[in-house]
Amino acid sequence: VARWEHKTRALSRVFGSPHAACYCLGAVILMLNCVRSHCFTEAMKSQPKLEGLECHWAYYSGLAILAVGTLFVISSFLALGFTGTFLGDYFGILMEAKVTSFPFSVLDNPMYWGSTAIYLGWSLMHASPAGLLLTAVVAISYTIAMLYEGPFTEEIYRQKQKGAKNK
């Protein structure tokens, strides 16, 4: 959807501005995340638990991983803002410069990895093999997204710099 918007600006036209379109897409992404998280939790609750993970160390390890993931997600959102988090650059809403402060100073794509860590922690806390499998699916999905999104975003900003030099 974001690449289609970048190519056509169709959503920006429909919603009357790139900001309105980006906020609407962000709202849809947030709603889909709620659905995904609900389905994830229901899948864990409906499947048997892994006896080897039903212990204090696994629960507290999961809690720590979940806390770190939450820290990465929240700090990423605070560093990027709503439009930076929800693909604003595809709508032509560009940041002045690449964000390099925490958590981006610690790892690339902290929003994706933080979200994955939340699911991993949640799975460990619930001793859920289904949750661990679904966490792997989330990690693979995010890895594929990063393979496409990273170079495309870099090109958007390269074009921005090129345009600024030509002025």
Could you tell me whether the side chains of T135 and S123 share a donor-acceptor contact shorter than 3.5 Å? yes
Heavy-atom nearest pair, I65 first then A117, reads CG2-O, 3.3 Å
Worksheet item: Taking side chain as C-beta onward, heavy atoms only, is T100 less than 4.5 Å from S105?
Response: no
Kindly work out whether a path of hydrophobic side-chain contacts (I/L/V/M/F/W/Y, heavy atoms less than 4.5 Å apart) joins I140 to M146. no
Practice item. Could you walk me through whether T41 and W122 pass side chain to side chain donor-acceptor pair (under 3.5 Å), step by step? Key: CA-CA 9 Å; T41 301; W122 194 238; 3.3 Å; yes
Heavy-atom distance under 4.5 Å between the side chains of L50 and E54, does that happen here? no
Between the NZ atom in K98 and the OG1 atom in T153, the distance rounded to the nearest 0.5 Å is 10.0 Å
Separation between OG1 (T83) and NE2 (H19), nearest 0.5 Å, reads 5.5 Å
In Q161, E155, E154, the residue satisfying side-chain hydrogen bond (donor to acceptor under 3.5 Å, both in side chains) with R158 is E155
Sub-3.5 Å donor-acceptor pair from the side chain of Y157 to the main-chain atoms of M95, do we have one?
yes
Quiz item: Taking side chain as C-beta onward, heavy atoms only, is F15 less than 4.5 Å from Y23?
Solution: no
Decide if the gap between the ring center of Y148 and the ring center of F152 is smaller than 6.0 angstrom.
no
* **Check: W113 and V106 side chains under 4.5 Å, non-hydrogen atoms** => no
In terms of heavy-atom contacts, W57 and G52 come closest through CZ2-O, 4.4 Å
- So, Y112 versus E149: side-chain donor-acceptor pair below 3.5 Å or not? yes
All heavy atoms of M125 vs all of L63, minimum pair found to be CG-N, 3.6 Å
Flag, side chain of S46 to backbone of A43, donor-acceptor distance under 3.5 Å: yes
Margin query: I'd like to check R36 versus N33 (side-chain heavy atoms, cut-off strictly below 4.5 Å). Are they in contact?
Written below: yes
Heavy-atom check, side chain of L25 versus side chain of I29, under 4.5 Å: yes
message = Is there a side-chain contact between L66 and L120 in this structure, where contact means two heavy atoms from C-beta onward sitting under 4.5 Å apart?
response = no
Taken to the nearest 0.5 Å, the spacing of L53 CG from C55 SG works out to 6.5 Å
Using a 4.5 Å side-chain heavy-atom cut-off and chaining through intermediate ILVMFWY residues, the residues clustered with V137 come out as none
The reported gap from CZ in R3 to OG1 in T8 (rounded to nearest 0.5 angstrom) is 13.5 Å
Nearest heavy-atom approach of S115 to Y142 is OG-OH, 3.2 Å
- Side chain of E5, backbone of F91: donor and acceptor closer than 3.5 Å? no
Exercise for review: For the pair F72 and L107, evaluate side chain to side chain contact (heavy atoms under 4.5 Å, CB included) and give the outcome as yes or no after the intermediate values.
Suggested key: CA-CA 10 Å; F72 280 134; L107 75 155; 3.5 Å; yes
Validation row: L132, L124 side chains within 4.5 angstrom (heavy atoms): yes
SG (C39) and CE (M44) are apart, to the nearest 0.5 Å, by 12.0 Å
Nearest heavy-atom contact between P18 and S12 is CA-OG, 3.3 Å
Contacts of F104 meeting ring pair (Phe, Tyr, Trp, His ring centres under 6.0 Å) (sequence neighbours excluded), chain-then-number -> none
In terms of heavy-atom contacts, F77 and F82 come closest through CE1-CA, 3.8 Å
For A2, is there any backbone N or O sitting under 3.5 Å from a side-chain donor or acceptor partner on H6? no
So CG of L94 and NZ of K160: to nearest 0.5 Å the spacing works out to 5.5 Å
_Is it the case that over 12 heavy atoms from other parts of the model lie below 6.0 angstrom from the CD atom of E42?_
yes
